[in-house]
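Below: one structure, written as structure tokens.
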Amino acid sequence: MAAARVVACLLAAVMCLSCGAARSPEARMHRHLKRLNKPAVKSIESPDGDIIDCVHISHQPAFDHPFLKNHTIQMRPSYHPEGLYDESKANVASSGDGERPMVQLWHRNGRCAPGTVPVRRTKKDDLMRATSMRRYGRKHKPTVANPMSVDLAMLNEGGHQHAISYVQGEKYYGAKATINVWEPKIEQPNEFSLSQLWILGGSFGEDLNSIEAGWQVSPDLYGDNNTRLFTYWTSDAYQATGCYNMLCSGFVQINNEVAMGASIFPLSGYSGSQYDISILIWKDPKEGHWWMQFGKEYVLGYWPSFLFSYLADSASMIEWGGEVVNSQAEGVHTSTQMGSGHFPEEGFGKASYFKNIQVVDSTNNLKAPHGMGTFTEQSNCYDVQNGNNADWGSYFYYGGPGRSANCQ
């Protein structure tokens with residue numbers, strides 16, 4: 001009997017140790033990485049250190065969502081918006097000295113085959129930089145510019161700052177823009193600088209719906225200062241739903257050539273060649289999903305309509321522009337740059353721009369935005385100036401250097 005009790009105690013001790021190991025931070029991190037990183041058919045190491053996994057299209061992160069368990073992938077949109085602005089091909093960046101190919105850096109070392117989708121691999125270091133594994137890949141609210149209200153308390157405490165153009169007052173079914181691409185300097189690792197468009201529905205309270213896409217520099221999220229293509233979505237004002245790129249279930253990717261979160265190449269230089277990317281997001285009038293297109297040819301995928309409440313119908317506001325985090329380290333304004341780091345009045349080749357700005361109306365037609373306004377919390381730090389001409393349609397220059405003699 002005594003021997004049996006000893007054996008039982010030893011077994012209990014072993015089981016206890018096993019349970020403790022399973023609950024350890026290291027074990028939790030391993031499980032989280034396994035959830036995020038799906039089995040790869042092929043892996044490609046990018047020159048910038050990224051690993052791009054070519055994942056079978058039906059095994060991508062989207063299908064972790066319970067509502068997508070029996071989902072049939074829609075391989076193409078039912079309809080494209082009519083009236084696309086005539087411009088250069090999707091994989092071409094416009095520059096001051098002729099057309100050059102716009103690629104992602106990982107393309108130098110390989111491509112993903114049809115039937116797979118490229119997914120940027122999440123590494124242990126990525127999770128360790130996050131405030132928590134649960135919050136990894138998510139924005140901290142508030143993060144959308146509300147042109148109707150400036151929260152001075154938030155400015156004083158340090159927070160998100162914007163320089164945007166926007167439209168509201170109608171029902172919108174999509175938006176488009178060509179965005180100048182730069183590599184702004186970031187002062188603190190927990191700050192970022194991005195340039196994007198926002199498709200918005202609901203109020204700026206607890207129920208905001210948002211679909212976002214553009215480029216960003218975010219050391220905290222990616223571990224470097226590279227300029228990267230990104231997307232984001234939320235259906236509850238950045239609380240519990242949504243994420244960047246494919247770091248949670250939701251966005252269904254169909255394209256095998258463009259990876260969310262991967263580095264963009266080449267980039268614009270001050271008084272040098274200028275490069276841009278074109279992004280179109282629109283609501284398929286038949287299926288109701290929100291589709292994203294990169295340039296003229298790369299239809300990347302869609303956000304299923306069931307993810308949203310207000311956006312299940314339409315958007316009530318569209319925003320285009322820049323956003324930075326101002327953490328106010330040591331009590332002064334950050335020197336993190338927005339756009340090129342230069343003010344709008346410097347113009348082409350020096351200030352960053354959005355051009356060919358359009359919205360999608362209820363008849364699925366692209367048209368120039370009506371009554372476009374501008375907004376910035378502190379124009380002495382980051383500013384925005386609208387314009388319109390025959391070559392660029394509706395456009396604006398935006399950005400700034402952050403901290404200066406006039407921005408403290």
Side-chain angles (χ1 to χ4, degrees), residues 29-30 32-65 91 102-130 133 135-139 181 183 186 189 192-196 212-233 242-267 277 279 292 294-295 298-303:
M29 187 172 292
H30 177 74
H32 198 64
L33 286 170
K34 193 172 180 180
R35 278 197 299 271
L36 289 171
N37 298 320
K38 304 304 180 185
V41 175
K42 171 185 175 182
S43 296
I44 299 164
E45 185 168 357
S46 173
D48 61 4
D50 280 0
I51 304 294
I52 303 298
D53 289 324
C54 303
V55 176
H56 192 281
I57 191 168
S58 62
H59 298 159
Q60 63 181 292
F63 297 107
D64 288 342
H65 198 291
N91 61 344
M102 165 65 76
V103 297
Q104 291 189 306
L105 208 51
W106 65 276
H107 289 171
R108 289 181 172 180
N109 291 341
R111 302 275 177 146
C112 288
T116 67
V117 295
V119 182
R120 181 183 180 270
R121 185 184 299 177
T122 301
K123 300 176 183 176
K124 182 179 175 181
D125 287 348
D126 296 326
L127 294 184
M128 291 182 71
R129 285 191 307 274
M133 277 190 285
R135 293 298 306 174
Y136 173 68
R138 294 182 175 176
K139 286 188 176 184
V181 183
E183 188 179 67
I186 312 297
F192 65 62
S193 181
L194 56 76
S195 298
Q196 67 169 71
E212 309 168 23
W215 61 260
Q216 70 180 160
V217 177
S218 178
D220 203 34
L221 184 61
Y222 302 107
D224 59 30
N225 284 61
N226 291 354
T227 301
R228 296 170 176 275
L229 174 70
F230 83 95
T231 60
Y232 199 93
W233 71 273
C243 61
Y244 280 111
N245 307 324
M246 299 176 77
L247 294 173
C248 66
S249 56
F251 184 80
V252 179
Q253 181 149 341
I254 62 166
N255 182 277
N256 66 310
E257 297 186 74
V258 177
M260 303 295 192
S263 298
I264 296 172
F265 178 83
L267 304 172
I277 59 173
I279 289 175
M292 177 177 171
F294 181 74
Y298 298 134
V299 176
L300 300 189
Y302 57 93
W303 292 269

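One is the number of the first residue; the rest follow in order along the sequence.
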- Task: Dump the intermediate steps for side chain to side chain contact (heavy atoms under 4.5 Å, CB included) on D64 and K38, then the final yes or no.
- Result: CA-CA 11 Å; D64 288 342; K38 304 304 180 185; 2.7 Å; yes
- For C54 and N256, run side chain to side chain contact (heavy atoms under 4.5 Å, CB included): C-alpha distance rounded to whole Å, both residues' side-chain angles, the deciding distance at 0.1 Å, then the answer. CA-CA 8 Å; C54 303; N256 66 310; over 6 Å; no
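With a 4.5 Å cut-off on side-chain heavy atoms, T122 and H32 do not count as touching. Using a 4.5 Å heavy-atom threshold, the side chains of M292 and M260 count as touching. Residues Q253 and V55 have side chains not in contact (no heavy-atom distance under 4.5 Å, counting atoms from C-beta outward). Taking the side chain as every heavy atom from C-beta outward, K124 and M29 approach each other to under 4.5 Å. Under the 4.5 Å side-chain criterion, counting only non-hydrogen atoms from C-beta, H107 is not in contact with F265. Proximity of Y222 to V217: side-chain heavy atoms (C-beta onward) are nowhere separated by under 4.5 Å. Counting heavy atoms from C-beta on, the side chains of I51 and K123 come closer than 4.5 Å. At a threshold of 4.5 Å between non-hydrogen side-chain atoms, the residues L247 and L221 count as touching.
Checked against side chain to side chain donor-acceptor pair (under 3.5 Å), W106 has the following partners two or more places apart in sequence or in another chain: Q104. Listed by chain and residue number, nothing satisfies the salt bridge (Lys or Arg N to Asp or Glu O under 4.0 Å) test with K42 (two or more places apart in sequence, or in another chain). Judged as a salt bridge (Lys or Arg N to Asp or Glu O under 4.0 Å), and not counting sequence neighbours, the contacts of R129 are D126. Residues forming a salt bridge (Lys or Arg N to Asp or Glu O under 4.0 Å) with D53 (at least two apart in sequence, or on another chain): R121. In this view, Y232 satisfies the side chain to side chain donor-acceptor pair (under 3.5 Å) rule with no residue, not counting sequence neighbours.
Here the closest heavy-atom approach between residue V181 and residue W215 is recorded as CA-NE1, 3.7 Å. Taking all atoms of both residues into account, the shortest heavy-atom contact from N226 to E183 is CA-OE2, 4.0 Å. What you find for L229 and A259 is that their closest heavy atoms are CD2-O, 4.2 Å. Scanning both residues, F251 and A62, for their nearest heavy atoms gives O-CB, 3.2 Å. Of all the heavy atoms in F192 and I186, the pair that sits closest is C-CD1, 4.1 Å. W303 and T231 make their closest contact through CZ2-CB, 3.8 Å (heavy atoms, listed as atom of the first residue, atom of the second, distance).
Here the CZ atom belonging to R120 is positioned 10.0 Å from the CG atom belonging to N37, to the nearest 0.5 angstrom. The CD1 atom of I264 sits 4.0 Å away from atom CD1 of I277, with the distance rounded to the nearest 0.5 Å. To the nearest 0.5 Å, atoms CG (L105) and OG1 (T227) are separated by 11.0 Å. To the nearest 0.5 Å, atoms OH (Y244) and OG (S218) are separated by 5.5 Å.
At least one donor-acceptor pair under 3.5 Å links the side chain of N255 to the backbone N or O of E257. Between the side chain of R228 and the backbone N or O of G261, at least one donor-acceptor pair lies under 3.5 Å.
Taking the six-membered ring where tryptophan is involved, the planes of Y298 and F294 are essentially parallel, since the angle between them stays under 30° and well short of 60°.
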Using residues 108-117 as the side-chain source, report each donor-acceptor pair under 3.5 Å to any protein atom, sequence neighbours left out, with the distance given to one decimal.
unit_1	atom_1	unit_2	atom_2	d
N109	ND2	E45	O	2.6
T116	OG1	A113	N	3.4
T116	OG1	A113	O	2.6

